[in-house]
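Whatever order the structure lists ligands and atoms in, that order sets their numbers, starting from 1.
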Amino acid sequence: MKRIALAAFLFVTLVLSAAEPAPTLRRNTVDEVIAAMTPEEKVLMVIGNKNNDRRRYIGEGSTWYCARLGLMPTVMCDGPAGVRMKPFRDGDSTKAYYSTAFPTATALAATWNTELVETVGDAMGNETLEYGADVLLAPAMNIQRDPLCGRNFEYYSEDPLLSGKMGAAMVRGIQSQGVGTSVKHFAANNQESNRKGVNAVISQRALREIYLRGFEIAIREAAPWTVMSSYNRLNGVYASQNRDLLTTVLRDEWGFDGMVMTDWFAGDDGVAQMKAGNDIIMGGFPHGHYKYHQPEILSALSDKTLDEEVLDRNIRRILGFVKKTPSYREYACSLKPDLARHAQVAQRAADEAMVLLKNDRNTLPVRKPNRVALFGKTSYDFIAGGTGSGEVHYGHAVSLKEGLSNVGFRISSAADRFYTRFVDSVFAAGGHKKYAVTRSQEPRIDKALVEAEAKVTDMGVVTLGRLSGEGVDRKEEGYFTLTDNEKELLGAVCSAYHALGKKVVVVLNIGGVIETASWKELPDAILLSWQTGQQGGAAVAELLRGTVNPSGKLPVSYPVSYADVPSSKSFPGIPADLPVNSYYNEGVYIGYRYYTTYDVPVSYPFGYGLSYTRFEYSDLTLSSDSFPGRIDVSVKISNTGKVAGKEVVQLYLTAPAVLQDKPERELKGFAKTRLLAPGESQVLTFTLDPRSLCSFRSGISSWVAEAGRYEVKIGASSQDIRQRASFTLGKELVVEKLHDVLAPNVPIKDMGTTSAKVLGTDQPFDHYHELDYKFNWHW
Ligand code: BGC
């Protein structure tokens, strides 16, 4: 019966629409086009499509196209480290179309240079445009909650301010080319384990202060054309079906007026997605899931469980998006972006991304390129980026061996031969060329060979590599920690070289955080090169010989052990093999917020990084010693060393914690100096607005600044505070009252809502949080 009614409904609307001359998007208004659509066409409009010519080469999906209504197909392509597309095209086997592999997001965040990130975005946007796409599915802005998340390399930081500012810069850069971005994955997609089903259980406070905050900054400051909702559930409801998230917070509170798309094949209820304000369901046709979304939405329309107005509203946003695109403008893409120029941009970003973790007795730079032996398979197969949708099919990536040779280092042949033979044997065994070597075990190298190399070379370089990607989280053993073969290699190289009074440098070609505390005493220098795109090997070479002075700092803490990470006790949720619920018990105490508040030692703190020069911090000035609504902070940074360099300066704030417990310090501003010559100074300025003073008080759903004394700490890292000053706030300020939404659907013990000082202890709720608990926690 239901089917007959549906068929009749469709027939009538089709006949009616066929009788009218169809308005088109070019000649008519969006509302006129919507009014001319049949219900069936409306449903096609809200389900993504893959079916257009360019899609064979580029793009993970597109919007529906329809000649009758003058609708263009628009093309959306991945991803955060550059345009992901197939290099080879049908009927054109002689030519390859490559895109530039830029440093991964974590590496970009390590530059702490928003201008530079905007320039990278501009180059990525240009490749998006010139290769024929309309939207780059980037930036990915989830918080790096736990070092084992497989996609951390696609994300910026453990800190929401740094993530937000980086994301905003990237959006501005990409969109300056007249193409769109998709800020993703909104929200709390902080793990890959059961990513399409897991329920992230997060207190309202941790959500607002940590997991939503970066998105809020990027959306308010840079107005991305689109947002991609995430796969996971958030406090009981799929993100893509979560009205509180996608409408109340995103649109009503933050003023987002663009289009929201699902992540590919996310959620389980297309009608709920429509109602939530998730305008379009991706990936859609021709994949299987359109087969149930299409009838599902159509019958909801016909039986009026879905108001047609809701669909019209979503389509209005989709068509608003379509009208902005290069496809709509009929832009004739050249297929010829300036790859040589973009490679230079990629290299500049790689130069600034690298973090010098250790440099005993000025091991680096090696001013005159000398003879080096390269150990570790990754030296010969340097990793440009991670796998999955964040992967980029670049033309050529500079390996470490190539990079060092290009600037005059002489690479010793014995180790080279050993590793070249190893690499050849891996390929001969039939491995897929790109990742076969990276995924293979580190080969065991003969001690005698290492000792012989130590005799004939001036320095040993050991590269340790890690690869990860979408779909799986990483393991602690052998991924976070070194493998036995890696430990053996490092031990052998260090003892052979040190026995002869020669130095060893470790290069970390990794996407995120690994264990360093147990072995960092061994080498003389450690350079964290991250996965810095196709120019990574070239950038390492410039840093080793000192033509570039390292200026990157850590966007994420390096803990002593995995057990020290506050989320390690609950990641990836329960049950661990296919988590249903992932409990964010640490609340707002993630990363340095936890380590500094609870005095937990780390191996390298958030914000840390060495330079070949020294910087002095002086003359900290606050525009007022009480808070009149805004405080300007300035500090003078002087290069007191012998070479030119740039310094990343961080402003942390310690807020009074009377009614609410608070992290000991929180990042509220950062800046990077220009290249300062020896003896040169620069005054950096920061602004503290009312929101900078606030914590989120969930009992009253408001951003509140407590009355009392605020301490400004200017640091070279989160643990190296160089200047301090304070101001007072006379009276509590309720800066913004928000909706009481997104409360956890199951009980959670949250460090931010208990007085427990140590994770896992069972202490009672304190007074304030009892209130919080009564008002807010629905279970
Ligand atoms: C990823 C997204 C990506 C999309 C399209 C999904 O699996 O989570 O980040 O943009 O695929 O490739």
Side-chain angles (χ1 to χ4, degrees), residues 47-52 54-63 74-86 99 104-106 124 128 131 133-144 149-156 163 167 170-171 174 179-198 200 214-215 218 224-234 238-240 258-267 273 278-290 321 385-393 468-473 511:
I47 300 180
N49 209 291
K50 269 201 154 191
N51 208 0
N52 68 74
R54 273 173 296 166
R55 157 62 209 145
R56 276 181 289 148
Y57 313 116
I58 187 169
E60 293 309 314
S62 73
T63 51
T74 60
V75 180
M76 303 163 189
C77 73
D78 283 313
V83 170
R84 184 170 76 128
M85 63 172 187
K86 292 194 183 112
S99 39
T104 57
T106 313
M124 280 188 198
T128 309
Y131 280 131
D134 298 293
V135 170
L136 191 68
L137 299 169
M141 299 196 53
N142 297 100
I143 290 291
Q144 295 190 25
C149 170
R151 287 188 95 167
N152 276 350
F153 70 96
E154 291 188 65
Y155 305 146
Y156 292 113
S163 299
M170 183 56 84
V171 169
I174 296 171
V179 294
T181 52
S182 192
V183 164
K184 69 187 186 182
H185 311 90
F186 189 60
N189 182 180
N190 307 101
Q191 64 186 65
E192 291 300 284
S193 304
N194 193 20
R195 65 174 176 164
K196 287 190 175 156
V198 71
F215 288 103
W225 289 10
T226 83
V227 164
M228 187 192 294
S229 54
S230 57
Y231 283 129
N232 52 288
R233 292 175 161 93
L234 172 57
Y238 276 115
S240 63
M259 176 179 90
V260 176
M261 65 178 85
T262 63
D263 198 343
W264 270 234
F265 321 117
Q273 287 170 333
N278 193 116
D279 306 309
I280 184 163
I281 304 173
M282 303 302 290
F285 297 93
H287 299 285
H289 84 322
Y290 83 90
F321 153 77
T387 62
S389 52
E391 183 179 1
V392 179
H393 302 291
S468 76
E470 188 175 342
V472 270
D473 287 322

>> For Ser389 versus Glu470, what's the shortest heavy-atom pair and its separation?
In response: OG-OE1, 2.6 Å
> Would you say the side-chain atoms of Asn190 pair up with the backbone N or O of Asn142, donor to acceptor, closer than 3.5 Å?
Replying inline: no
> Heavy atoms under 4.0 Å from ligand 1: which residues qualify?
Replying inline: Glu60, Asp78, Arg84, Leu137, Arg151, Lys184, His185, Arg195, Met228, Tyr231, Asp263, Trp264, Ser389, Glu470
> Can a donor-acceptor pair be found between the side chains of Gln144 and Thr106 at a distance below 3.5 Å?
Replying inline: yes
> Counting N and O atoms only, with roles assigned by atom type, does the side chain of Asp134 sit under 3.5 Å from a partner on the main chain of Val75, one being a donor and the other an acceptor?
Replying inline: yes
> Any luck finding a side-chain donor-acceptor pair between Ser182 and Thr226 under 3.5 Å?
Replying inline: yes
> With sequence neighbours excluded, what pairs up with Tyr156 under the ring pair (Phe, Tyr, Trp, His ring centres under 6.0 Å) test?
Replying inline: none
